Amino acid sequence: MAFSPRGWMCTVALLDMMTSPLAVHDTTSFCEMVLDFCYNNRSDEEGRNMGMNELMMTAAAVLDHVYDGVAAIDDRGKIVYVNPANERITGLKREQLLGKQVKDAIPSTHILDVLLTGQPSIGVRTKVGEYQVVSNIVPVWEDGKLVGVVSVFRDETELRRLAHQLSQANETIEQLARLVDPEGRGGMIAGESEAMHKALSLATKAARVSSPVLIQGESGTGKEVLARYIHDQSPRKAKLFVPINCAAIPENLLESELFGYEEGAFTGSSKGGRPGLFEVADGGTLFLDEVGDMSMHLQAKLLRAIQFQEIRRVGGTKTKQVDVRFLFATHHNLLESVAVGTFREDLYYRMEVVSIQLPPLRERIEDIPVFALHALSKITKKLGLPTLKIGHGGMQAIRRYPWPGNIRELENVLEQAAILDEDGVIELNDLPKRFGDRSGRHESLYDRGGNDFPTLEEVEERLLRQAMRTFVTKGEAAAALGVSRATLYRKLEKYNMNHDILSQSET
Ligand SMILES: Nc1ncnc2c1ncn2[C@@H]1O[C@H](COP(=O)(O)OP(=O)(O)OP(=O)(O)O)[C@@H](O)[C@H]1O
């Protein structure tokens, strides 16, 4: 059958209505709507007279190719059309159905109810033979008269099979993900220190709720990694994690970056304006890094956004509700900033509902070997290098170094060493020159003179700390200091360095 443009339009309209049951709910005349759709504002008599028969013939040619089952019943309950998908889904041949009374062919059908009441029946479940189908059944009206019913249905067994296949596939993905990332932390590791475990446990708890979290720590301690972890563990994980470094962007740009702007807000603003990151992160998480560097003007706007989850674009007059989870990070001591008046006290307390402190690497020496090995394996994979080891001397140097740039510096140093290494083992000579300084300190205790001369206890504590950094085992540290292990224990306790004892291996 050749399709006229009108035939196509009618068919599209018909399909549109069949797949939009809510629209059908609202109408009294299905046919009128189809014809209105096709010939809207036209005085095309031929078109208006096209009627239901031609419409159904045209539609039938298309419906023959539809994946869902379709059946049309006339006003006397006789089946006038079934598509091939009907046969696939119900197992009933076309010849068994066409021209038959629907109540005889499919006794359990709900089609007659629709024919009797003229009310559509949406999402109704019917058993056809051994198949369970879900149908949308809609009445067809012409000139205010009910002329038939159309049912569009799907095999529920097939839907269930697909859902089952999908859940199996998801399970396989989860199993593979667990193999790649056993603890589900997306490449983040916990380390050995009590401080890191505490931070991680707090982060895991914070992930369950939407309260703001303030993560404080020196640069490179893993604040952003922890923020991503919180987002990934939270119910918002399917939505966006949007990080922004507030210190890296000039104030006027930061404002429009965060809040967006309306058209004409400033010279060079884009046509139609632009949404800001608050809007981009709607439903997800916004991570404001280096929030301590924000100007007082922006702090006031931020406070409002946190308090009311409401923003106003730059140059705009209307406010907009957003649903954003806020995570903050800073290397500043924000309480000090509050005390000197560079940070708003009210904002500080809004931000630190949950407060997580990430200590510098030098204060969690026990983490250094774990992070070093983790970083090295990441680096060799990234650079496509064979597996590398860290030798005893290399590890000792790494442990005793104070790491002012924390984990980021550790990664950079190891990347450099991995590139330079020639024998598969990273030793002291593969590390930068600064690692050769066995003292690991830039200031000598004995350089201090006069009244500032160190006490014996001060020297002893320093020496102990240095030994704990330098040697991998307690035995080695005690031997180098010329004391027994028991004495080493006692002294570590005296200087409150017990956590260091735990980090040392027993040998
Ligand atoms: N727990 C961790 N597990 C694995 N890698 C980590 C962890 N913490 C930090 N890192 C690594 O350290 C590097 C620095 O981390 P991150 O950028 O999160 O630090 P930061 O504190 O946000 O730094 P800055 O304040 O300079 O932005 C990253 O490249 C990351 O790979």
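Everything numeric in this text was worked out from a predicted model, so none of it was measured. Note that ligands are numbered from 1 as they come in the structure, with each ligand's atoms numbered from 1 the same way.
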* Structure fact -> Under 4.0 Å from one or more heavy atoms of G220, ligand 1 contributes atoms 19 (O), 20 (P), 21 (O), 23 (O), 24 (P), 25 (O), 26 (O)
* Structure fact -> The atoms of ligand 1 lying under 4.0 Å from a heavy atom of S219, numbered in the order shown, are 24 (P), 25 (O), 26 (O)
* Test applied, salt bridge (Lys or Arg N to Asp or Glu O under 4.0 Å); reference residue, K320; option that passes from E262, E310, E279 -> E279
* **Distance-only N or O hit between ligand 1 and I189, under 3.5 Å** => yes
* Part of K378 with heavy atoms under 4.0 Å of ligand 1, whether side chain, backbone, both or neither -> side chain
* Tell me, which protein residue and heavy-atom name are nearest atom 16 (P) of ligand 1, and how many Å apart are they? -> G222 CA, 3.7 Å
* Asked: Between D289 and ligand 1, which residue portion shows a heavy-atom distance shorter than 4.0 Å: side chain, backbone, both, or neither?
  -> side chain
* Asked: Among protein heavy atoms, which sits nearest to atom 12 (O) of ligand 1, and what does the distance come to when rounded to 0.1 Å?
  -> I407 CG2, 3.3 Å
* Between K491 (side chain) and E460 (backbone), is there a donor-acceptor pair under 3.5 Å? -> no
* To do: Name the option, out of K223, E290, M188, H374, that contains the heavy atom nearest to atom 20 (P) of ligand 1.
  => K223
* Nearest option to atom 17 (O) of ligand 1, as decided by whichever heavy atom of Q216, E411, R408 sits closest -> R408
* Please confirm whether R88 makes a cation-pi placement over Y67, using NZ or CZ under 6.0 Å from the six-membered ring centre and within 45° of the ring normal. => yes
* To do: Using distance alone, determine whether V225 and ligand 1 share an N or O pair under 3.5 Å.
  => yes
* To do: Measure the OG-CG distance between S295 and L254 for me, rounded to the nearest 0.5 Å.
  => 7.5 Å
* Kindly assign one of parallel, tilted or perpendicular to the pair F287 and F241, based on the angle between their ring planes and the thresholds 30° and 60°. => parallel
* Structure fact -> atom 22 (O) of ligand 1 has as its nearest protein heavy atom E224 N, 3.0 Å
* Find the distance between CG (L464) and CG (L492) and round it off to the nearest 0.5 Å. => 5.5 Å
* Cation-aromatic face contact R350/F328, 6.0 Å, 45 degrees -> no
* Asked: For V133, does its backbone N or O pair with a side-chain atom of D155 as donor and acceptor, under 3.5 Å?
  -> no
* Asked: For ligand 1, is there an atom lying under 4.0 Å from some heavy atom of F371?
  -> yes
